[in-house]
Every structure is written in structure tokens, then in C-alpha cells.
There are 2 protein chains.
Amino acid sequence: MSNRRDAVHAILRQSEGFRSAQDVYAEMRAEGAKIGLTTVYRALQALADTGHVDVLRTDDGESVYRACASGDHHHHLVCRRCGRTVEVAGPAVERWAETIGSEHGFTEITHTVEIFGTCGSCATAAKPLRTPSRA
Amino acid sequence: MSNRRDAVHAILRQSEGFRSAQDVYAEMRAEGAKIGLTTVYRALQALADTGHVDVLRTDDGESVYRACASGDHHHHLVCRRCGRTVEVAGPAVERWAETIGSEHGFTEITHTVEIFGTCGSCATAAKPLRTPSRA
DNA sequence: CCGGTTTTGACAACCATTTTCATTTACGCG
DNA sequence: CGCGTAAATGAAAATGGTTGTCAAAACCGG
């Protein structure tokens, strides 16, 4: 029912890290695809709803999406320079979150965990550092 | 140099959980304070920069702020219903993040961890559940 | 009181995201 | 095959939080 949605998904699959909706849209247009921004957004939301892609928010509030290797619950280690992403699993963290939650009487516990860093290649390629405001 | 900034800080201090900028602004105006939205934003940013308040983004991209009990690094357990917040420390998680990062050759590692749940009181007070899209 | 700097705030500008709504496409059915 | 309804699409407008602009107001030292 939607080759557009598949097209969007395809773009994500062939991308390394997280891409923004606008970004995906721009690339598709650049490739000559006839698609509207609205449709890209809708496709991305649908994909996210069905768990085919991961979503997360950048610091400036933009939503970024990425095709996931697995449908399982996992977290990301993202290079703040090039956006390269590594999927990581952390059973310990899952358990920790659950525990902390229950200890305080919370139920239906979910959590978000994202790790940011500078990957090896980017660290080597000397570029102006973005001074982290706080540890 | 800014009793406005202190005023903003005060609002946060007397609040239970995280508040949005618009929210803080509305409350201050309601209390009769003569302050502009712009100033509230600036105060909030300044406070965040100096580490006096914590910032995090809600799922819909809104920034929310909260006066922190401690200036130390910590995470939050937030009730998705009433917004009540508990500050939690998780040395294990910090270490885990560091480890995962280094294992993949990443440096300058930072991370975000937020736990969401429904607190005891809210769980009791039956309200329509917000179906979580994914676990 | 004066010049200079900082802070403030009304308002416009931004920009990602959403909504609206009319058009197009897909498809089942007679 | 032709028609009708429903789903999909996309251009443009609306939203809404946040940021930028800029002139007026508050401060400050002299």
C-alpha cells in the first residue's frame, strides 16, 4: 500500500547513522524521487510506530530516524561528529532501570538511554571541539 | 544582576517536577510578575548553562527544566502522568556507558538516561493509559 | 546628571512538524 | 470496462516552541 514508505525505509537502510526527516526528504528529491515532505513525515512516523526504525531527538529538538538492524530493544552509541551509530545492548541497564523504578513505586517503566562520544576516526581528524556544557 | 533570573529559579524550586518555559512564564504572569517570555527563556538557558537547573526534552520536543537538588551528575525517574521526579544516581550505568564507549573506540563520552514510569498514586487513580508504542 | 554598558521585553523571524483539503491513485464490484 | 468509494499523496497554510532583533529601561561609576 505504499512504495513511498518503502522508499523512505530504503533511504534509511542505506544510511550510516541517524537522519532527520528534512534530510531524508532532501535526499529523495535530489535523487529525483517525486515525493512530498508530508509523505516523508508520515512514512517515518508509520515506520517508527511499527518499530521498523528507531527515533530519537537531537539536542535541538529535531527528530532523527534510523533503520534498525534488530527489532529488539537496544540503545545507541552515536558519534557526535559524524553520526556513525553502533547499536548496543545493555541487559544490566534494563534491569537497573526496572529496579530503580520499582523501588520508588513506579510501574510501566520505560527508559531512554543514549550514549554520545567521538569515534576513533573523528577524534583523529582534528576538528574544533564542541565544549560540553556539563559532564 | 538579575532578580528576574532568581525569580525564575524560584519558580522552579517551588515546583515538584519539570516545567516548560511557557509554563513557567504563564505562572509568573499569573502571579502578577512583570516579565517577558524572552527573559524567561534567557533565564532558563543561563540557569541551565551554569548547571543550576536540569534540562531535558519531552517526547514532543519541548524543553523542560527543573531545579536540581544537587549539582552532581544524576538521572531522573519521571512519572509520565503527574511529572513527579525522583533524582537517581547510577554509578553502574555511568561506568557501563564509559566502557561501551571505549570498547568501540569512542572518546569524550557523555550519555543521557531518563527513566519514565507511572508513580504509585497515578497508577491508583485510574486514568486512560497512554499505550506505549514500543517497549 | 551623564555617557556607557547590561538587561529587558514586545514583536517578528525561524523552522521542524502538523493539519487541511483538494487531487490522484488503487481497487472492488456491477 | 466504467464507476464509486476509500486510501494515499502533496502543496500550501497553520502551529507552536524557541530564538533573534532592536529600541527602551534599568544600572553604574564618575
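Keep in mind that the numbers below use all heavy atoms, side chains included, and drop hydrogens, waters and symmetry copies. Residue numbers begin at 1 in each chain, while the letters A, B, ... track the order of the sequences.
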- Query: Which residue pairs pass the side chain to side chain donor-acceptor pair (under 3.5 Å) test with at least one member in residues 25-34 of chain A, sequence neighbours excluded?
  - Reply: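 Found A:R19-A:E27, A:Y25-A:R29.
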
- Query: Which residue pairs pass the side chain to side chain donor-acceptor pair (under 3.5 Å) test when at least one of the two sits in residues 36-46 of chain A, sequence neighbours left out?
  - Reply: A:Q22-A:Y41

Scan the side chains in residues 96-103 of chain B for donor-acceptor partners under 3.5 Å anywhere in the protein, sequence neighbours excluded, and list what turns up.
unit_1 : atom_1 : unit_2 : atom_2 : d
B:T99  : OG1    : B:R95  : O      : 2.7
B:S102 : OG     : B:E98  : O      : 2.5

Would you mind reading off the distance between [X] atom [atom1] and [N] atom [atom2], rounded to a whole angstrom?
X: A:L44; N: D:dT9; atom1: CG; atom2: C1'; result: 16 Å
X: B:K34; N: C:dT7; atom1: NZ; atom2: C1'; result: 17 Å
X: A:D23; N: C:dT17; atom1: CG; atom2: C1'; result: 15 Å
X: A:R4; N: D:dA7; atom1: CZ; atom2: P; result: 18 Å
X: B:R29; N: C:dT8; atom1: CZ; atom2: C1'; result: 12 Å
X: B:Y25; N: C:dC11; atom1: OH; atom2: P; result: 10 Å

- Message: What does the B/S/- profile of nucleotides 17-28 of chain D look like, 5' to 3', with a 4.0 Å heavy-atom cutoff to protein?
- Response: SBBB--------

- Only counting residues at least two apart or in another chain, list the ones meeting ring pair (Phe, Tyr, Trp, His ring centres under 6.0 Å) with B:F18. B:H76

- Item | Side-chain donor-acceptor contact under 3.5 Å, A:E108 with B:T118 | yes

- Please list, chain by chain and in numerical order, all residues satisfying salt bridge (charged side-chain N to carboxylate O under 4.0 Å, His left out) with A:E94, sequence neighbours excluded.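 Expected list: none.
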
